[in-house]
Amino acid sequence: MGIGNLRSADAYRQGQGNRRNASGRRAKLKKFLGVSLAAAAVGVCAVGSADANTSTGQSTSTSTSTSTNASEKARVDVIDIKLKNEQHAETDLGPAGPSLGDYNSFSGRAIRDGREVGLGAGSCKTVHIEGDKATTQCVITVEIGRGSVTMQSLAPRGGSSLEMAITGGTGAYAGARGTAHYWAIGTPDECMRVRLLR
């Protein structure tokens, strides 16, 4: 084999390597664009920050697939709900002001895709006081059309956003797990985003 043939062989191998790298880059770009488009399709109750701003009362849902490891895949259903607060009551059990055992109860209408789909209701009980900060334990159930989802978490009293663990559900959401994020709590723009793992 002469030098010319060696150079040709080297050039051929380099060309093959470049084609494989370009193919890998195209696959990564397609995956990135697919995830970006799925995120963009989530809807108008979209979270842009910890306390997301919303532009309308509409909501949408979408589904994405995520790989948890090589052998297991979980589907994530994202559901956006607008909340219309209707009733709220504070119960002060101890001395005036925040104290252990105080609680508040609340309810309102859940709106999905511009139509009412059910009731959302819950309560938060004060479980810890430190200076002027109070921590509550909250339990909430929200009807989402074909069933309901129940969630709970610790929450700072008076916070404007909240992340909750989904602990179960009924109907189409029986055995539900995942997370729910609330923002603009107690305002006309209150929304929640449910991420259900299937």
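No hydrogens, no waters, no symmetry mates; every other heavy atom, side chains included, goes into these values. This is a predicted model, so every value here is computed, not measured.
Looking at Arg157 and Glu90, a side-chain N of the basic residue comes within less than 4.0 Å of a carboxylate O on the acidic one, giving a salt bridge. Of the charged side-chain nitrogens involved, none lies within less than 4.0 Å of a carboxylate oxygen, so that Arg115 and Asp113 do not count as a salt-bridged pair.
Under a 3.5 Å cut-off, the side chain of Asn85 and the backbone N or O of Pro188 do not form any donor-acceptor pair. Of the possible polar contacts, one joining the Asp102 side chain to the Leu93 backbone as a donor-acceptor pair under 3.5 Å is found.
With contacts defined as side-chain heavy-atom distances shorter than 4.5 Å, the pair Ser153/Ile140 does not qualify. Looking only at side-chain heavy atoms (C-beta outward), Tyr173 and Ser148 stay at 4.5 Å or farther from each other. Glu130 has its side chain out of reach of Thr135: every pair of non-hydrogen atoms, C-beta onward, lies at least 4.5 Å apart. Taking the side chain as every heavy atom from C-beta outward, Ser105 and Thr91 never approach each other to under 4.5 Å. Side-chain atoms of Met151 and Thr141, non-hydrogen and from C-beta on, never get closer than 4.5 Å to each other.
Rounded to the nearest 0.5 angstrom, Arg112 CZ and Glu143 CD are separated by 13.5 Å. To the nearest 0.5 angstrom, Ile79 atom CD1 is 11.5 Å from Arg195 atom CZ. Separation of atoms CD (Gln137) and CD (Gln152) is listed at 5.0 Å; rounding is to 0.5 Å. Note that SG of Cys191 is 11.0 Å distant from OH of Tyr182, once rounded to the nearest 0.5 Å. Taking OG of Ser123 as the start and NE2 of His88 as the end, the distance is 10.5 Å to the nearest 0.5 Å. Separating the OG1 atom in Thr136 from the CD1 atom in Ile129 is a distance of 10.0 Å, to the nearest 0.5 Å.
Listed by chain and residue number, nothing satisfies the salt bridge (charged side-chain N to carboxylate O under 4.0 Å, His left out) test with Arg146 (two or more places apart in sequence, or in another chain).
Closest of all the heavy-atom pairs between Val194 and Ile144 is CG2-CD1, 4.4 Å. Nearest heavy-atom pair across Ile81 and Ala110 is CG2-CB, 3.8 Å. Summarising the geometry of Lys125 relative to Tyr103, their closest heavy-atom pair is CA-CB, 3.8 Å, with the distance given to 0.1 Å. Closest approach of Leu162 and Ala155 over heavy atoms only: CD1-CB, 3.4 Å. Taking each heavy atom of Gly159 and Ile185 in turn, the nearest pair found is O-CB, 4.0 Å. In this structure, Ala134 and Thr126 approach most closely via the heavy-atom pair CB-CG2, 4.2 Å.
No hydrogens or angles considered: nothing links the side chains of Thr167 and Thr150 as a donor-acceptor pair under 3.5 Å.
The cluster map of Ile, Leu, Val, Met, Phe, Trp and Tyr, joined by side-chain heavy atoms under 4.5 Å apart, puts Ile111 and Leu119 in different clusters.
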